[in-house]
Asker: 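Let me begin by handing over the structure; questions about it come next.
Only this structure's heavy atoms are used, side chains among them; waters, hydrogens and symmetry mates stay out. Residue numbering restarts at 1 for every chain, and letters A, B, ... go by the order of the sequence lines. Keep in mind that what you see is a predicted model, and the values were worked out from it rather than measured.
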Amino acid sequence: MFGLNKKDFGLMVIVAILALAAPFILNPFPEGSAMAQFNAGYPDLMQRLVIFGIFAIGFNILFGLTGYLSFGHAAFLGVGSYAAIWMMKLLTLNVIPAIIVSVIIAGLFSLLVGWISLRRSGIYFSILTLAFAQMSYALAYSVLTPITGGETGLQPKYTDPRILDGALEEGQTPRANLFGLDMNQGFELSLGGWVFTFNAGYYLAAVVMLIAFYLSIRIFRSPFGMMLRAVKSNQQRLNYTGLNSKPYTLAAFVISGMYAGLAGGLLVAMDTQVGAERMFWTASGEVVLMTILGGAGTLIGPVLGAGFIKYMENIVSKINKSVLEQWFAFMPDGIEDLLITLVYPFVGKGWHLTLGLLFMLVVIFLPGGLVEGGQRIGRVFRRRDANADSVESDAAEQRKPAAE
Amino acid sequence: MDAILLQILNGLDKGSAYALIALGLTLIFGTLGVVNFAHGALFMIGAFCAVTFSKMLSFSHVVIDETQKDFLGNPLKVDVPYLYDWFGQATGDAIIDWAVPLSIIFTIPVMIAIGFIMERGLIKHFYKRPHADQILVTFGLAIVLQEVIKYFYGANPIPTPAPAAFAGSFDFGALLGFDPNTIIYPYWRLVYFAFAAVIIGAVFAFLQFTTFGMVVRAGMADRETVGLLGINIDKRFTIMFGIAAAVAGLAGVMYAPINSPNYHMGMDFLVLSFVVVVVGGMGSLPGAVLAGFLLGVLESFASMAVVLEFIPGINQIIIYLVAIIILLTRPRGLMGRAGVMED
């Protein structure tokens, strides 16, 4: 269906259900209960989950398929954000032109960067992309201040000349909208102790994410995707067969740059401000972490990774000492204090420590990320079943080449 | 003329730091073939060794001083460092004043130990993995080290002054026959430059004139053959990792008075040092040193007011720009060897 085989279609449906039902799924605990801080069903976080999902899906098209490790993708996200905010300042507060233009501008910028950077591969490619991203960041902070707003960043003001909208009255706050539907709008549904928030901005982002995910499935399964995989597995052999791999890698680079621009545009559509810090190289590092953590080269991996990291970031960094005390209150005093001392460095402000450790553990023990972890667990169970059933099916299992 | 001279001098101290870090990075890359993203963290740990050591020197105990009274007439409680008890007040003060240079002797064993633990505990398992994995795991390690330091020392920079003897500035202009006070240069930066030169010289001499260094160089050229000759090359490479860590640490210790140590200083230097290594040529030690000084000086030239008038903002991006141009025109870098990371 839709040009997908059965397995991919199933995956697509699962992701669609997860995305559309997220306000329910992410709010499993009743309001006011002790576990309510694990709820993630508020609009700001949900928007981030799907937007960074888009970013990671795009990054995965480059890194997962071709194996080129870019350390500068945040620059495209930043450029996309700036483009979107200028559209909102100059043209209209409608998010559609902003998002389209952010994709186009980020695509053009990534074409330039990719055209230069892709002359080299391996570590040189990583350094080149890093250099470009750092240059954009430095310029956005200093010389390009008239365009980027420098340290203060940009946000739409009521004085901006919006050609299509006309000027706002003084004192009115400019809000991003979709044909009049305010992005911050939403309605709350109270069911017993639970409060579910349905937010217009989130659903826009989720629909865009689903489209992006669908496109990435099509790219993965296309001949073009096969070509990119060939680049990853052995570029030299590909060159010896007389194929020029550059157009393919460049296309992958530009596509992933456009995904990054799309994510940047959506970020602005949800929260109408932008600052240069989202282009800093640690932001590029973050998307690498998301992709690896979820599983590079897999379809669902980047979405999982982005969701996991953004969820943990929000939840873990909210835990403070009093919350910990509340949790461990049932224990005897001495053990309680010990546990709090042990756990405290890893939560709250120590979230980055947890992230770093987690990341190292994943790279060391689980290079395929969460997806590989899931597969391994699945395989253990399957083997147990096979043992219980009969020896024959076990032998058949062994004769079959391993899946993937 | 004097302005140009001043910029060259200004570039030297930053260039020295770049050169030292890049030297360590290249040592690790040349011997073990590992791209170490945690090298900036080692630099930062070195700087915090200076902080720790000067804190350790001023460990004190409380003494009730009968000669001093507070406003109620009670005797004052005074913190007296243990050093006063052991060496007398004058010597004790002098030792505390010289904490940063003295912490070198504390830093070297600490950094070598950290280097050993890192190599044996983590990096060893990544020799056969792709470069991307090496980059990623050391990147994760860098985050962890940085956060650990932040947890213990806080997020704010900790001022770590140089000895009072080096507090002033040196008037180069007077020495070279220009007007006095046109080219002035802080003494400590001179010390830093000299120190960097000594360290670089020592590393090169060690590699060039000792049997150990000869074996290491042979191992860098052809690891397998050296192993076939019955030499335990892995052990020597581990020691080289320790030395590279120590070089980064020493660069950090002496840099502490120039720039108060904070937990993210390593990351700031790391990105630039990688660019330096790539410009110098992956795996080339002289290239790393040359490119370090070159880029340091270029950066300070680019921040001259005259240059900024022509091309605004060039000081922010000059290093990256040079790197891009070099990589596209001379893919091996300034002094890169053939066959190193050519893929």
Asker: Has B:F126 got more than 12 heavy atoms of other residues, nucleotides or ligands less than 6.0 Å from its CZ?
Answerer: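 For B:F126, atom CZ is crowded (more than 12 foreign heavy atoms under 6.0 Å).
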Asker: Heavy-atom distance under 4.5 Å to chain A: side chain of B:I135, backbone, both or neither?
Answerer: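 Contact with chain A is through the side chain of B:I135 alone.
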Asker: To the nearest 0.5 Å, how far apart are CD1 in B:I317 and OH in A:Y137?
Answerer: 15.0 Å
Asker: Using heavy-atom distances under 4.5 Å, tell me whether A:I292 contacts chain B through its side chain, its backbone, both, or neither.
Answerer: side chain
Asker: For B:F152, is it the side chain, the backbone, both or neither that has a heavy atom under 4.5 Å from a heavy atom of chain A?
Answerer: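 For B:F152, neither part sits under 4.5 Å from chain A.
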Asker: Tell me, do B:R129 and A:V363 make a side-chain contact under 4.5 Å, heavy atoms counted?
Answerer: yes
Asker: In terms of heavy-atom proximity below 4.5 Å to chain A, should B:I143 be classed as side chain, backbone, both, or neither?
Answerer: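 It is the side chain, since no backbone atom gets that close.
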Asker: Between OG of A:S136 and OH of B:Y320, what distance do you get to the nearest 0.5 Å?
Answerer: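 These two atoms lie 10.5 Å from each other.
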Asker: I want to check something: taking the side chain as every heavy atom from C-beta on, are A:F71 and B:F274 in contact at a cut-off of under 4.5 Å?
Answerer: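 The answer is no, as the side chains (C-beta and beyond) never meet within the 4.5 Å cut-off.
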Asker: Hey, are the side chains of B:Y151 and A:L353 touching, using non-hydrogen atoms and a 4.5 Å cut-off?
Answerer: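 Answer no - side chains too far apart.
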Asker: Heavy atoms only, distances under 4.5 angstrom: which of B:L321, B:V271, B:I319 has the most pairs with chain A? Name it, please.
Answerer: B:V271
Asker: List the atom of A:M360, the atom of B:V137, and the distance in Å for their closest heavy-atom pair.
Answerer: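 In terms of heavy atoms, the two residues are closest at CG-O, 3.8 Å.
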Asker: Given the options B:V275, B:L141, B:D133, which has more heavy-atom pairs under 4.5 Å with chain A than any of the others?
Answerer: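 Option with the greatest count: B:L141.
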Asker: For the candidates A:I127, A:T354, A:L69, which exhibits the highest count of non-hydrogen atom pairs separated by less than 4.5 Å from chain B?
Answerer: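 Of A:I127, A:T354, A:L69, A:I127 has the most heavy-atom pairs under 4.5 Å with chain B.
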Asker: Could you tell me whether the side chain of A:I364 reaches within less than 4.5 Å of the side chain of B:L122, counting heavy atoms only?
Answerer: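 Yes, their side chains come closer than 4.5 Å.
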Asker: B:L145 versus chain A, heavy atoms under 4.5 Å apart: side chain, backbone, both or neither?
Answerer: neither
Asker: Side-chain contact, heavy-atom cut-off 4.5 Å: B:I324 with A:M135?
Answerer: yes
Asker: Heavy atoms, side chains only, cut-off 4.5 Å: are A:L289 and B:F139 in contact?
Answerer: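 In contact.
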Asker: Measure the spacing between NE2 of A:H352 and CD of B:Q146 and express it to the nearest 0.5 Å.
Answerer: 8.5 Å
